[in-house]
Engineer: 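Handing you a structure now.
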Amino acid sequence: MLKVDVITLFPEMIEGAVSHGVLGQAVKSDLLSVKAHTPREFTEDKHRTVDDRPFGGGDGMIMLAEPLKKTIEKVQHNTSKVVYLSPQGRTLNAAIAKEFSKEEHLIFICGRYGGIDQRIINEYVDEELSIGDYVLSGGELGALVIIDALARFIPGVLGHGESAEKDSFSDGLLEQPNFTRPREFLGQDVPEVLVGGNHKVIGEWKDKVSALVTLKKRPDLFREYIKVETEKYNSLKKKKTAAP
Ligand SMILES: CC(C)(C)c1cccc(C(=O)NCC2(NC(=O)c3cccc4nocc34)CCCC2)c1
């Protein structure tokens with residue numbers, strides 16, 4: 001079972017977020033374990049100080065190395081992969097999430113203020129990871145995005161015993177429009193094809209519209225989809241011609 005330890009000044013942010021929905025179910029069924037640890041537990045001074053002013057000046061504070069060291073060493077063991085959520089990291093994508101889902105033990109370090117002491121990164125961090133190019137107030141949302149994305153690749157989390165390969169969102173295309181009751185709302189009808197009940201025709205409609213939506217709204221995703229599908233087709237053809 002994949003074990004995740006998150007080092008953060010706001011453990012409730014993590015605990016709250018992983019106790020709902022698909023993630024909550026995965027944790028409850030022991031498919032995944034997520035625990036949060038605050039460096040404040042490892043401070044010894046009266047004010048439980050976890051940050052200090054940066055050498056060389058500059059506004060903002062830096063998270064102190066000592067409390068972080070103690071927290072990491074409390075949770076770390078030889079198979080741990082230590083990830084620092086940081087704008088300097090490579091940007092998360094589905095391939096990285098899938099890779100991470102295969103790990104035994106992940107330790108996510110979440111920065112606050114202006115970041116953490118560089119010596120912690122030098123000594124403990126295996127890799128830095130970013131969830132995108134915008135200013136955030138901390139790494140916690142990054143940790144949660146990764147946990148949510150990787151959980152779907154854990155067999156059983158999505159309920160039907162398979163992993164995310166069968167995830168209805170993981171063919172790399174955007175979704176076709178979705179409708180539920182009533183049949184008519186705000187003067188708009190549900191497309192007839194979806195009400196018809198002919199599953200072959202409905203399937204073709206969904207595939208076509210989802211490709212068109214992707215082509216229109218995210219041509220970059222569409223190009224990637226065509227590339228992947230072409231590779232699949234070519235390797236299938238090769239296998240056919242290779243096998244007698
Ligand atoms: C990207 C760019 C806009 C150029 C930029 C340049 C310099 C600093 C920051 C910035 O946001 N610094 C603040 C902190 N940010 C993040 O931790 C963080 C930010 C973004 C994606 C992330 N994915 O995981 C963690 C992430 C770092 C320490 C406390 C929060 C952002």
Side-chain angles (χ1 to χ4, degrees), residues 2-20 23 32-43 47-73 75-76 80-103 105-154 164 169 218 220-221:
L2 168 57
K3 202 166 164 306
V4 178
D5 285 298
V6 183
I7 297 175
T8 165
L9 294 179
F10 303 110
E12 311 82 23
M13 258 181 93
I14 304 297
E15 286 150 5
V18 301
S19 55
H20 304 284
L23 269 187
L32 170 72
S33 143
V34 182
K35 297 220 177 327
H37 311 268
T38 168
R40 221 172 276 283
E41 259 173 45
F42 299 90
T43 55
H47 300 291
R48 317 202 69 192
T49 315
V50 288
D51 63 318
D52 202 341
R53 298 192 342 275
F55 281 116
D59 54 0
M61 304 288 269
I62 298 300
M63 288 175 76
L64 281 165
E66 185 57 32
L68 282 170
K69 170 180 180 293
K70 288 190 176 127
T71 318
I72 295 167
E73 292 185 353
V75 297
Q76 188 168 43
S80 310
K81 183 193 190 76
V82 182
V83 178
Y84 175 45
L85 282 305
S86 153
Q88 300 185 21
R90 62 176 171 153
T91 306
L92 178 70
N93 59 31
I96 296 171
K98 184 170 180 179
E99 206 184 287
F100 276 29
S101 70
K102 297 185 167 62
E103 291 289 337
H105 183 218
L106 292 168
I107 300 176
F108 289 129
I109 303 174
C110 305
R112 278 276 159 172
Y113 317 113
I116 69 176
D117 189 296
Q118 183 63 36
R119 286 148 315 172
I120 291 292
I121 300 172
N122 299 344
E123 178 70 20
Y124 296 104
V125 172
D126 297 311
E127 72 176 280
E128 297 181 87
L129 204 60
S130 171
I131 58 166
D133 293 337
Y134 23 75
V135 178
L136 292 177
S137 39
E140 287 79 8
L141 291 177
L144 289 170
V145 164
I146 297 167
I147 292 169
D148 193 300
L150 68 80
R152 309 180 77 85
F153 287 100
I154 298 172
F169 306 130
R218 288 290 307 273
D220 57 315
L221 285 182

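All ligand and atom numbering here is 1-based and tracks the order in the structure.
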Engineer: For ligand 1, which atoms, with element, lie under 4.0 Å from some heavy atom of S130?
Structural biologist: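 Listed by number with element: 21 (C), 22 (C), 23 (N).
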Engineer: So does R112 pair up with E140, basic N to acidic O under 4.0 Å?
Structural biologist: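 E140 and R112: salt-bridged.
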Engineer: For ligand 1, which atoms have a heavy atom of L129 less than 4.0 angstrom away?
Structural biologist: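 Ligand 1 atoms under the 4.0 Å threshold to L129: 24 (O).
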Engineer: Which heavy atom of the protein is the closest neighbour of atom 23 (N) of ligand 1, given with residue, atom name and distance?
Structural biologist: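 Of the protein heavy atoms, I131 N, 2.9 Å lies nearest.
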Engineer: Identify the closest protein heavy atom to atom 21 (C) of ligand 1: which residue and atom is it, and at what distance?
Structural biologist: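 It is G132 O, 3.1 Å.
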Engineer: Do the side chains of L85 and I146 get nearer than 4.5 Å, heavy atoms only?
Structural biologist: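 Side-chain contact under 4.5 Å: yes.
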Engineer: With the side chain counted from C-beta on, respond yes when V6 and C110 share a heavy-atom pair under 4.5 Å apart, and no when they do not.
Structural biologist: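 Side-chain contact under 4.5 Å: yes.
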Engineer: Got the closest protein heavy atom to atom 14 (C) of ligand 1, with its distance?
Structural biologist: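 Going atom by atom, the protein heavy atom closest to atom 14 (C) of ligand 1 ends up being L136 O, 3.6 Å.
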Engineer: Out of T49, V50, D51, which residue meets the side-chain contact (heavy atoms from CB on, under 4.5 Å) rule with M61?
Structural biologist: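 In the set T49, V50, D51, the residue that makes a side-chain contact (heavy atoms from CB on, under 4.5 Å) with M61 is D51.
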Engineer: Would you say D59 has more than 12 foreign heavy atoms packed within less than 6.0 Å of its CG?
Structural biologist: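 Counting neighbours around CG of D59, 12 or fewer heavy atoms of other residues, nucleotides or ligands fall under 6.0 Å, so no.
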Engineer: Output the list of atoms in ligand 1 that are nearer than 4.0 Å to some heavy atom of S137, sorted by atom number.
Structural biologist: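 What qualifies from ligand 1 is 30 (C).
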Engineer: A side-chain contact here means heavy atoms from C-beta on lying under 4.5 Å apart; do D52 and D117 qualify?
Structural biologist: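 No. Closest side-chain heavy atoms not under 4.5 Å.
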Engineer: Please check if atom CZ in R40 has more than 12 non-hydrogen atoms from other residues, nucleotides or ligands closer than 6.0 Å.
Structural biologist: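 Above 12, so yes.
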Engineer: Based purely on interatomic distance, does V135 place a nitrogen or oxygen under 3.5 Å from a nitrogen or oxygen of ligand 1?
Structural biologist: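 It does not: no N or O of V135 is found under 3.5 Å from an N or O of ligand 1.
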Engineer: Which heavy atom of the protein is the closest neighbour of atom 6 (C) of ligand 1, given with residue, atom name and distance?
Structural biologist: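 Checked against all protein heavy atoms, atom 6 (C) of ligand 1 sits closest to P87 CB, 4.3 Å.
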Engineer: Nearest protein heavy-atom contact for atom 29 (C) of ligand 1: which residue, which atom, what distance?
Structural biologist: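 Nearest protein contact, heavy atoms only, for atom 29 (C) of ligand 1 is Y113 O, 3.3 Å.
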Engineer: Can you check whether E103 reaches V4 side chain to side chain, under 4.5 Å on heavy atoms?
Structural biologist: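 A side-chain contact under 4.5 Å is absent here.
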Engineer: How about atom 19 (C) of ligand 1: does it have a protein heavy atom within less than 4.0 Å?
Structural biologist: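 Within 4.0 Å of atom 19 (C) of ligand 1, protein heavy atoms are found.
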Engineer: For ligand 1, does L141 get within less than 4.0 Å through its side chain, its backbone, both, or neither, judged by non-hydrogen atoms?
Structural biologist: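 For L141, no heavy atom sits under 4.0 Å from ligand 1.
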Engineer: Pairs of nitrogen or oxygen atoms closer than 3.5 Å, one from G115 and one from ligand 1: do any exist?
Structural biologist: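 N/O-N/O distance below 3.5 Å does not exist for this pair.
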Engineer: Give the residue, atom name and distance (to 0.1 Å) of the protein heavy atom nearest atom 3 (C) of ligand 1.
Structural biologist: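 So the nearest neighbour among protein heavy atoms is Y134 C, 3.6 Å.
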Engineer: Using a strict cut-off of 4.0 Å, indicate which atoms of ligand 1 neighbour a heavy atom of G111.
Structural biologist: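 Matching atoms, with element in brackets: 29 (C).
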Engineer: Are K81 and E127 packed together at the side-chain level, in the sense that at least one heavy-atom pair is separated by less than 4.5 angstrom?
Structural biologist: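 K81 vs E127: side chains touch.
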Engineer: Any idea which atoms of ligand 1 are less than 4.0 Å away from a heavy-atom of S86?
Structural biologist: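 So the atoms of ligand 1 that pass are 24 (O), 25 (C).
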Engineer: Would you mind reporting whether I107 and Y124 have side-chain heavy atoms less than 4.5 Å apart?
Structural biologist: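 No - every pair of side-chain heavy atoms lies 4.5 Å or more apart.
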